[in-house]
Number of protein chains: 2
Amino acid sequence: MKKNFEEMSYDELLTEFKNIIKANGLKFTSQREAILRTLYDNPQHFTSENLYMLVKQRHPDLTIGIATVYRTLALLEENSLVSSISLGIQGKKFEIANKPHHDHLICKECGKIVEFGNEKIESLQHQIAKENGFELTDHLMQLYGVCSECKKET
Amino acid sequence: MKKNFEEMSYDELLTEFKNIIKANGLKFTSQREAILRTLYDNPQHFTSENLYMLVKQRHPDLTIGIATVYRTLALLEENSLVSSISLGIQGKKFEIANKPHHDHLICKECGKIVEFGNEKIESLQHQIAKENGFELTDHLMQLYGVCSECKKET
DNA sequence: TATCATATGACTATCATTATCAAAAAGGTG
DNA sequence: CACCTTTTTGATAATGATAGTCATATGATA
């Protein structure tokens, strides 16, 4: 039973996070809150390292280590509060999962990510699955290319 | 100017490889040939490590190191003779690029993989890239679901 | 607030990939 | 074929992202 966190406010997400924490016998900490807050306020794609630095910048009083960022991102991802994409050589990036479903267009040169949604493709995917006797539950679609700015630089 | 290597025989691929090598002022070596040959004879997805072991097995007289496998895969990929996909935690996998383009429908229960191609989706992807100022070079599309056999077993 | 399990940060370990470098091999050239 | 130059090679070290370890700190519960 997968939760749907689309369009949730920060308070709603926080409540969900606390419920998940409680349900798993874990503890609510200021580090975990700071990470969720930072992800919420900056709905972009972060590497673990980028997020670590931004959390420190936004919460100067808080001591936090990179290991905690990795651990918290893993916890959030397991519970579908953040989603991630793997970008080969450029590493793994995370984003908060309170946005409507979308796929990614990725620049191979600079790593820029553009989000898009396309109903026609979604419906074709379901059709393909159906034709093959599959019940579609999920998909991964990443388009790779070179963005206009990187094309100029060539 | 991207070459299309679909349906090429081994000899044709080898000739292409030699041309690429010559055009770049590089040298043709038995290690490079063994890697191409092994990829051709085994049109599956390999990690660098898997491929390294298979090449050694199939060419016992040849000395070859893992570094050469990495270097040759990079060379082949740069020149579109092999393609790769990044599978998150499962790492990067390579396959020879003489097959018609296809995507994958994957059963989450039994791991069965069905290959499919869909022109409409391809053309929509190009359209999306264009709308965002990207020049599309590649894409990754994997559909996840439950196949008919696994549905029965539930 | 006392207790105790979990979380933390600093550190170390791991793993895939990449870089280094001396020795070997390719491939022109005469 | 022998020579010469450049590239390639394998072994190994280096790297960098992520995961594990552990003593201490900190939440949650009573």
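Model, not experiment: these values are computed from the prediction.
- Close to dA16(C), at under 4.0 Å from its OP1 or OP2, lies no side-chain N or O of T47(B).
- For the pair R32(B) and F17(B), the cation-pi test (distance below 6.0 Å, angle within 45°) is failed.
- In this structure, E77(B) atom CD and dT17(C) atom C1' are separated by 14 Å, rounded to whole Å.
- Distance N24(A) CG to dA7(C) P: 10 Å, rounded to the nearest Å.
- Atom P of nucleotide dT8(D) and atom CG of L76(B) are separated by 13 Å, given to the nearest angstrom.
- At whole-Å resolution of the value, CZ in R71(A) and P in dT18(D) are 15 Å apart.
- One atom, CZ of F94(A), and another, P of dA17(D), lie 13 Å apart when rounded to the nearest Å.
- In terms of position on DNA chain D, the residue among L26(B) and A67(A) whose nearest nucleotide sits closer to the 5' end is L26(B).
- Residue Y70(A) places none of its side-chain N or O atoms closer than 4.0 Å to OP1 or OP2 of dA19(D).
- A donor-acceptor pair is defined here as one N or O able to donate and one able to accept, closer than 3.5 Å; no such pair exists between the side chain of N98(A) and the backbone of F5(A).
- When the side-chain nitrogen and oxygen atoms of Q31(A) are compared with OP1 and OP2 of dG9(C), one or more of them lie within a distance under 4.0 Å.
- Proximity of R32(B) to the phosphate of dT8(D): a side-chain N or O atom is located under 4.0 Å from OP1 or OP2.
- Aromatic pair H139(B)/H101(B): ring centres closer than 6.0 Å.
- Atom P of nucleotide dG28(C) and atom CZ of F28(B) are separated by 13 Å, given to the nearest angstrom.
- For the atom pair OG1 of T72(A) and CD of E77(A), the computed distance is 12.5 Å after rounding to the nearest 0.5 Å.
- To the nearest angstrom, C1' of dG27(D) lies 12 Å from NZ of K22(A).
- Counting only heavy atoms from C-beta on, T29(A) has its side chain closest to dT8(C) among dT9(D), dA25(C), dT8(C).
- Judged by distance alone, with hydrogens and angles left aside, the side-chain atoms of N42(B) form no donor-acceptor pair with the main-chain N or O of Q44(B) at under 3.5 Å.
- For the pair S48(B) and K27(A), both in contact range of DNA chain C, the more 5′-proximal nearest nucleotide belongs to K27(A).
- In this entry the distance linking CD1 of I66(B) with P of dT20(C) reads 19 Å, nearest Å.
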